[in-house]
2 protein chains.
Amino acid sequence: MELKQFRRIAKALADPRRYEILSRIAAKKEMACVDMRCVLPISPATLSHHVKELENAGLIEVRKEARFVHMKLCRKVWKEYLAQLAKL
Amino acid sequence: MELKQFRRIAKALADPRRYEILSRIAAKKEMACVDMRCVLPISPATLSHHVKELENAGLIEVRKEARFVHMKLCRKVWKEYLAQLAKL
DNA sequence: TCATCAATTTGACAGTCATCGAAATATCAA
DNA sequence: TTGATATTTCGATGACTGTCAAATTGATGA
């Protein structure tokens, strides 16, 4: 795994709210932003920001369908990250 | 693993330099601050700061011997952290 | 005792970042 | 077309944080 991505992931996980978001995405096969906002008290702007960070880190894949954004965890990347950490 | 500790660890790992420090500690059974400063370009103040963060997160144990501070990785905590992440 | 060395503390600074309101964009449904 | 809804972008703000110099503490050995 690339150093750059490794660092992005570490940073992405450092914010509790962002980790919470990632958790909820991981708990389902896919999750929509609009559903996230039903569950978490967060402004659209902030959610959009966090989603971008998670996507940028390669942790999630974003799919746009009509007006809705669907997100899902990239298990492969997640596994790679864990493997990298396990080397410590 | 406690949520508080989990978050502290995630934050501790988010800074590249701090992760580098942790890596170097993990690579040996034990490492002294004075040796760290031979290897890494870092001021005493900054190193002291990072060591405190890592210790606060429970990631390392600090032992004082004479004028020197020796650090070592807490493998147990590290394992717990990985296990927690793996649940995602 | 005194000079030296490791480490910590303090204070300050610069840069980063989470947050949100408001405006803009995009898409759907009527 | 028009009104409604989902999301993004922009701008601002307040809080956090990594960094280090300087002063301090603590311990050693000469």
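Chain identifiers are assigned alphabetically (A, B, ...) following the order of the sequence lines, protein sequences preceding nucleic acid strands; residue numbering begins at 1 within each chain. Below, all heavy atoms of this structure are taken into account, side chains as well, without hydrogens, waters or symmetry copies.
- Under the salt bridge (Lys or Arg N to Asp or Glu O under 4.0 Å) criterion, E2(A) pairs with no residue at all, not counting sequence neighbours.
- Residues meeting the salt bridge (Lys or Arg N to Asp or Glu O under 4.0 Å) test with K87(A), sequence neighbours left out: none.
- Rounded to 10°, the helix from dT1(C)-dA30(D) to dA30(C)-dT1(D) has 20° between the axis fitted to its first five pairs and the one fitted to its last five.
- Contact footprint of chain A on DNA chain D: nucleotides with an atom under 4.0 Å from a non-hydrogen protein atom, first to last in 5' to 3' order, dT5(D) to dT9(D).
- Residues passing the side-chain hydrogen bond (donor to acceptor under 3.5 Å, both in side chains) test with Q5(A), sequence neighbours excluded: none.
- H50(B) comes within contact range of the sugar-phosphate backbone alone, with a heavy-atom separation under 4.0 Å but no base atom that close.
- Note: the hydrophobic cluster containing V34(B) does not contain V62(B) (ILVMFWY, side chain heavy atoms under 4.5 Å, direct or indirect links).
- Under the 4.5 Å side-chain heavy-atom criterion for grouping Ile, Leu, Val, Met, Phe, Trp and Tyr, V77(A) is connected to L85(A) within one hydrophobic cluster.
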Using a 4.0 Å heavy-atom cut-off, write out nucleotides 24-30 of chain C from 5' to 3' as B (base contacted by protein), S (sugar-phosphate only) or - (no contact). ---BS--
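- Within the structure, side-chain hydrogen bond (donor to acceptor under 3.5 Å, both in side chains) pairs that include any residue of residues 60-69 of chain B comprise E30(B)-R63(B), R63(B)-E65(B) (at least two apart or interchain).
- For dC20(C), one of the phosphate oxygens OP1 or OP2 lies less than 4.0 angstrom from a side-chain nitrogen or oxygen of T46(A).
- Shown here are the ring-ring contact (aromatic ring centres under 6.0 Å, His included) partners of F6(B), two or more places apart in sequence or in another chain: Y19(A), Y81(B).
- The backbone N or O of V39(B) lies less than 3.5 Å from no partner atom in the side chain of R24(B), so there is not a single donor-acceptor pair.
- Near-neighbour residues of DNA chain D inside residues 10-44 of chain A, defined by a heavy atom below 4.0 Å, number-ordered: C33(A), V34(A), P44(A).
- Other residues sharing the hydrophobic cluster of L3(B), ordered by chain and number and joined by side-chain separations under 4.5 Å: none, the residue standing alone.
- Under a hydrophobic clustering in which Ile, Leu, Val, Met, Phe, Trp and Tyr are joined whenever their side-chain heavy atoms come within less than 4.5 Å, directly or via other members, I25(B) and L88(A) fall into the same cluster.
- Put simply, the side chain of R8(B) never gets that close to the backbone of E53(B): no donor and acceptor are under 3.5 Å apart.
- Identified under the ring-ring contact (aromatic ring centres under 6.0 Å, His included) test for residues 41-70 of chain A, with sequence neighbours left out: none.
- For E55(B), there are no side-chain hydrogen bond (donor to acceptor under 3.5 Å, both in side chains) partners at least two apart in sequence or on another chain.
- For the pair L54(A) CG and dC17(C) C1', the computed distance is 15 Å after rounding to whole Å.
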